[in-house]
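In what follows, a single structure is set out as structure tokens and then discussed.
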Amino acid sequence: MTELRIRPRRRRITFVLIAALVIALVVAASGLWFKLQGNISTASMRSSESAAPDSSHGLNILLLGSDTRDLEASGFGRATGARSDSMVLVHVAAGNKRIDAVQIPRDTLVDMPACEDTGHGSSPGGVSMINSALNYGPACSVAAVESLTGIQLNHFIEMNFEGFMSIVDALGGISVCLPQPMKDPKAKLDLPAGDQKVNGTDALALARTRHAVGDGSDIARLGHQQMVMSAIVQQATSRETLARPDRLYSFLDAATQSLTVDPGLSSLSDLTALAARAQAVPSEEITFMTMPWEPAPQDRNRVVPSADAEALFASLREDSPVGLAGKQPGKKSDADAAAINDRAAAVHITNAARVANLAGDYAKKATDQGFTVFGIGNAASVQSTTTLLAADTEEARQTAAALAKELNLDITPETAAIDGVQLHLGQDYQSVEKPEESPVKTTNRKASQNLCG
């Protein structure tokens, strides 16, 4: 009898202890949540409230590295106001297939629109270096980048020098690889060649140095900024960080304290959702690249976007992969091929233009892009208009849309009572083809790339 009484009591004690532990964990987690939430600062994204830009063609975020000297730490020199020491346009593709991060040189001349006062004063606009827009607040930088690129931004994230250093230090430093020693007294940089782990101070100096690289220009340092950004991505997503709660919390605490964001990212849940989207993208599908540029006609010490820049921005607007020089445009990576199945339906191609070998030529292009061409042939009669038909299934519709995109055809698929997908090439087939896009030539690297590469 005694034993029977003791066992229920022990079970009750065990239950109470478990309940107390759960309550303690919930309270602790809530405390951390509210602590991190309280770290976040916000600023206006636009001078007037408006509907959020459409994000069905991907999410566009402007990252601003502020050079404000209004900091607790010393050693950054003397300057009034704030400029964007670095400016990165980040495009997260629909379906989280890839991330393209485009560095915009701070020396870029742009005809900036007028900026209304959002708490930092107003600006009449006019031709100026794009980094000066931040003097009038993040909303002015957003307006300048939208004017330059033709891309509507969904969010912005601003960080100052101290924030950058604290994030790197919270990660326990980042690993970099230098082909040769780098020394720049003005940036307080003195690093040896080879693989090494650097702290926040050295990482910032490496990202900011002008005089230790190239001709001392803003353009010359962008390659090192790409290496530093890649190193941060690799360290933040490593098991060394994710498997250590203390380091992970330190990183989150430093990150949230360092950021100023637009109201659309002002809650921890908003930032968590954004982080989840970014984490869903394989690191080999995260590409850092520099905006293609050429010397400005009115000032050879400044730059303006080149023709390649417009091609790059057009790809981002269309949520299309950027065809980079040295890579085959349109080819899908293994990650993309596993994530989507837009090549599943069989394709039949018909020559209705009476041009020799036309169907065969298109069949080869389609096969090279991974489509299954189950037949080609000549139409019984001439057809003036090119048509693209798809069966009334999701599989066929996806295949037809992908076929038009990969073959560079300016044509909308139509649903029809057929099997699979049918491309009928009419006499207007040449006018339906969009001009072939030339590969974009610019400095670039993958986030997963070996840091010595």
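- Contacts classified as salt bridge (charged side-chain N to carboxylate O under 4.0 Å, His left out) and involving residues 248-261 (residues at least two apart or in different chains) are given here: K35-D253.
- Listed by chain and number, the residues in a salt bridge (Lys or Arg N to Asp or Glu O under 4.0 Å) with E294 amount to none (sequence neighbours excluded).
- Sorted by first and then second residue, the disulfide (SG to SG under 2.5 Å) pairs with a member in residues 95-175 read C115-C140; sequence neighbours excluded.
- The side-chain hydrogen bond (donor to acceptor under 3.5 Å, both in side chains) check on S267 picks up S269, D270, with sequence neighbours excluded.
- For the pair R343 and F371, the distance from NZ or CZ to the six-membered ring centre is under 6.0 Å and the angle to the ring normal is within 45 degrees.
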Under 3.5 Å, which donor-acceptor pairs do the side chains of residues 145-153 form with other protein atoms, sequence neighbours left out?
{"unit_1": "E146", "atom_1": "OE2", "unit_2": "R46", "atom_2": "NH2", "d": "2.3"}
{"unit_1": "E146", "atom_1": "OE2", "unit_2": "L153", "atom_2": "N", "d": "2.9"}
{"unit_1": "T149", "atom_1": "OG1", "unit_2": "V145", "atom_2": "O", "d": "2.8"}
{"unit_1": "T149", "atom_1": "OG1", "unit_2": "I151", "atom_2": "N", "d": "3.1"}

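- Applying the salt bridge (Lys or Arg N to Asp or Glu O under 4.0 Å) criterion to D262, with sequence neighbours excluded, gives no partner residue.
- Taking the side-chain hydrogen bond (donor to acceptor under 3.5 Å, both in side chains) definition, one finds that E433 meets it with Y362, sequence neighbours left out.
- By the salt bridge (Lys or Arg N to Asp or Glu O under 4.0 Å) test, R247 pairs with E240, sequence neighbours left out.
- For the side chain to side chain contact (heavy atoms under 4.5 Å, CB included) with M165, the qualifying choice from N160, L204, D202 is L204, the only one to do so.
- In terms of the side-chain hydrogen bond (donor to acceptor under 3.5 Å, both in side chains) criterion, T118 has no residue partners (sequence neighbours excluded).
- Under the rule for a side-chain hydrogen bond (donor to acceptor under 3.5 Å, both in side chains), R354 has no partner lying at least two apart in sequence or in another chain.
- Qualifying side chain to side chain contact (heavy atoms under 4.5 Å, CB included) partners for P292, counting only residues two or more places apart in sequence or in other chains: S306, D308, A309, L312, V440, T442.
- E414 meets the salt bridge (Lys or Arg N to Asp or Glu O under 4.0 Å) test with no other residue; sequence neighbours excluded.
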